[in-house]
Structure formats: C-alpha cells, structure tokens
Amino acid sequence: MDLRGLDLAYVLHSYERTYINFERGENGRLFDDKGRDYIDFTSGIGVVSVGHGNRRLAQAICDQAHKIIHISNLFLIEPQARLAQRLVELSGFDMRLFFANSGAEANEGAIKIARKYGEIDGEVKRYKIITLEHSFHGRTITALKATGQEAMHTYFGPYPDGFVYAKSIEAIPELIDQRTVGVMIELIQGEGGVEPLDPGGVRELAQELRRQDVLLIVDEVQTGVYRTGHFLASNYYDIEPDIITLAKGLGGGVPIGAIMTRLKEIFKPGDHGSTFGGNYLSTRAALEVVAILHEYHSSGLLQQRIQLFEERLHELQRRHSHLFIQSVGIGFMRGLRVESDQIQKEILQRALDERLLLLKAGRNTIRLLPPLTITPEEIEEGFARFERAIEGL
Ligand SMILES: *Cc1c(COP(=O)(O)O)cnc(C)c1O
C-alpha cells in the first residue's frame, strides 16, 4: 500500500488532509519526496517558530536525548526550573508556572486554577467562566465547551457547565454575576479569524475585572512567545493577566504547554499533574527556542522581518483589493479577509499549486503564520508565489 493508502486505512479521518510527503525543511522552506520546495507561511500552525531544521534546536534536543529524556515530576527537573525562571523574566510578570503538553491541556489547567480560586475565595462558590464568541481554546471536552463556537458543540455532550459566551469584550461586564470567577480571552483570536481585540477596550476590561475580583485568563497559545513581535501579546496590550497559557510556538515543534499565574499558592500537591508535562526533552527544547528568539528579538532582526512581511502583505492587498477586503493582524500573526469561504478555498488551493503553504481561519480569512525566523529571501519568494497563485482571480 502507498503512504496515502496507509494513512486512509489506519488513521482516523478527523482532518481534511493534503497528501504531500515532506521529507525535510530548511527554515521557511520544506522539501517533499520529489525534491520540490515549498515556502511555508504556516510554520505548522504557529508552532515551528525557529524554522524547520533549526541546527541549534536540533543540537539541544539531541544533547538532552543522550542524557535524560524523562524522569517524571516526582523529581527536580533542571531545564524545567530554568525555563520557568526564563519565562517569568521575559514576561515581566510576578508568576509561577505549570508545564503541560498542549494548548488545550494548558487551558484545562487554567480553568482548574480559576475554579479552585472560586472555591476558596468569597462566600458563594464561583465557577462560571466567560469566553468570547468565535474564540478557540482547544479540543478536550472542557476546552471545547470554553470555545465560543456553537457549531463545535454538536456532538460529544453532555459538556461541563459554567461557560458563558459574550458577543464582544464590551458585553462581558454585564454577564458577570455572583457565580462568575473568570474571563478567558485570546487577545488576537486565531482560529476564529485573526481578530485583534481593541487594546483600549481590553485594558478597561482588565481594570473592571480586577475591581470585581474576576480572574483574567489570557489564552496566548497562538499569540505567545514573540508571535506578535513581543514576548507576549499581553505585553503589547499592556495588561497584567492573572493567568496566561502558552503552547504552540514555545517548543519549536516539540509538544509543550504552559500555564503562568500570579496565584502562586493556588495548587497544593495533588491538585494537578501531568506525566509528561515539563519533562527534560520538552523544557530543554523550549529553553533553546526562547534563547534563540530572545536574541533575535533583541538584535532588532525580528522587527525588521516583520516590517518587510507587513509591507509585502499590504502591497498584495492593495493590488488585489477586489479579492482581499482587508489586511488584519499583528506581527507575524496575519490575515487577509476575502468575500467568502469559496474564495478562501480557491486561494489556498492555488497557493498550494504554486508551492506556497497558507492557512485558513474562520470562514473568510487567509491566515499567515510564517516561522519567526523567516528570511527576506523566503518572504520575497513566498509573496512572488502568492502573486502568481491569484493571477486572474
Ligand atoms: C491552537 C490553540 C489551542 C489548542 O492548542 P492544542 O495544542 O491544539 O491543544 C488553544 N487556544 C488557542 C488560542 C489556539 O490557537
């Protein structure tokens, strides 16, 4: 059986899969089994932040694998402690961390922290969490229920109670009642359609929540670790959340999630745990990713690359404004709005034919999440292919 046949026969069909067999990558380029090159404006959905085949990351993983991969959280884990310290330093927040393996799992942990806070603080038990419509918080049962897209709640019930959806951040305060313990938001909605929230509105909301002792949980699974050009989107929005979750870009492709919280004493031994979370391999990898990106950010290079990408994107949008209604997003988290899901689909297919990888988001957004280390040459080549792909559309 060929590989496609194997996949179809033995793997559950939960994805609309494109059958390209990638064999290796070099930063913003991928190569398939026929030696053809692809420009990657997806970075594995915002994961491969330091590019494909990154030598420094590969070396760190390799060195660590030769020593210890995993020993469990019953023992001290040196790279875990160092990574926690580093993430706290870079965030500028006075927090502690818990390490998980994915975004959904980090969000589950964040919800547990909020629920525990709601048990121990105040007279009545508080458990409700307000999230936004069009949000995305993950695929586990609870994270799925936290996700404010009713279309995703068709099966799999009964779901846990206690999630309330707000149409906008302005609508959140009026939904708060005596049972509300938290608000969970993405500062830039990712899967929902690359939708940045208004910074002024977010700061006002943060103040209001602090006044009412309602926790602000910011899901930075997609926006975190320099995706926006800043270490956290929370830094860019100039807010200090109570809980922040990270995942996608943190490990450069090695699965890792993290919960950061200023509620440093919330968990007692036994309250939460993970067999794999925070092991030697994933935390050593994340330490290297963070080191690479910190240098890259400090040198001003990240900002230069973002600027070039932004210029090319705006030029493309202006030249084809009949196709791209609007250019949206911040840093290396970008989108182009189109009229319909048919156009969205058509553009993705044509780009693929030109060997340019793009993502969709929501029903009418083309999403671009390049590796943060993408080179000027890769950017130019990617946009040249993009231009060819939409010729005549
Ligand atoms: C991708 C994503 C998740 C889910 O992360 P997984 O690692 O797939 O569980 C959660 N929240 C946001 C904002 C995301 O973009």
Side-chain angles (χ1 to χ4, degrees), residues 12 14-17 42-49 98-114 129-149 152-153 156 163 165-166 169 182-197 202 216-228 230 232-234 236-237 241 243-260 274 276-279 282 285-286 289 328-335 359-362 365 367-370 372:
L12 287 172
S14 58
Y15 297 98
E16 261 180 63
R17 196 159 259 173
T42 72
S43 61
I45 321 186
V47 166
V48 188
S49 47
F98 179 92
F99 291 101
N101 307 286
S102 68
E105 202 190 336
N107 286 337
E108 289 270 347
I111 291 163
K112 280 178 73 177
I113 290 175
I129 293 176
I130 301 170
T131 66
L132 286 176
E133 283 184 7
H134 307 297
S135 58
F136 182 80
H137 299 296
R139 297 289 193 159
T140 61
I141 293 278
T142 304
L144 198 56
K145 187 60 180 173
T147 293
Q149 303 184 40
M152 291 177 78
H153 306 152
F156 318 119
F163 292 95
Y165 311 120
I169 46 171
V183 166
M184 179 152 83
I185 54 173
E186 299 154 87
L187 293 174
I188 307 162
Q189 292 188 335
E191 308 300 314
V194 192
E195 193 72 70
L197 301 183
V202 168
L216 174 59
I217 306 166
V218 176
D219 178 347
E220 294 230 28
V221 168
Q222 193 159 149
T223 56
V225 199
Y226 297 105
R227 177 54 58 184
T228 63
H230 305 262
L232 297 175
S234 295
Y236 172 69
Y237 275 74
I243 306 171
I244 298 168
T245 55
L246 301 174
K248 288 193 166 84
L250 180 57
V254 177
I256 184 168
I259 311 161
M260 309 180 64
S274 165
F276 293 117
N279 80 10
S282 62
V289 167
V328 290
I330 293 165
F332 270 139
M333 186 166 175
R334 295 284 173 174
L359 289 164
K360 62 179 181 176
T365 304
R367 183 169 40 150
L368 305 96
L369 297 173
L372 305 182

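Atoms within a ligand are numbered from 1 in the order they appear, just like the ligands themselves.
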Visitor: Might you list the protein residues in contact with ligand 1, defined as having a heavy atom under 4.0 Å from one of its atoms, sorted by chain and number?
Guide: Ser102, Gly103, Ala104, Asn107, Phe136, His137, Gly138, Glu186, Glu191, Asp219, Val221, Gln222, Lys248
Visitor: Can you check whether Val225 reaches Ser49 side chain to side chain, under 4.5 Å on heavy atoms?
Guide: no
Visitor: Would you call Thr365 and Glu195 a side-chain contact if the rule is heavy atoms closer than 4.5 Å?
Guide: no
Visitor: Have Ser43 and Arg227 got a donor and an acceptor in their side chains that come within less than 3.5 Å?
Guide: yes
Visitor: Does the side chain of Leu369 reach to within under 4.5 Å of the side chain of Gln222, using non-hydrogen atoms?
Guide: yes
Visitor: May I ask you to check whether over 12 heavy atoms, not counting those of Tyr236, lie within 6.0 Å of atom OH?
Guide: no
Visitor: For His134, does the NE2 atom sit with more than 12 other heavy atoms under 6.0 Å from it, leaving out its own atoms?
Guide: no
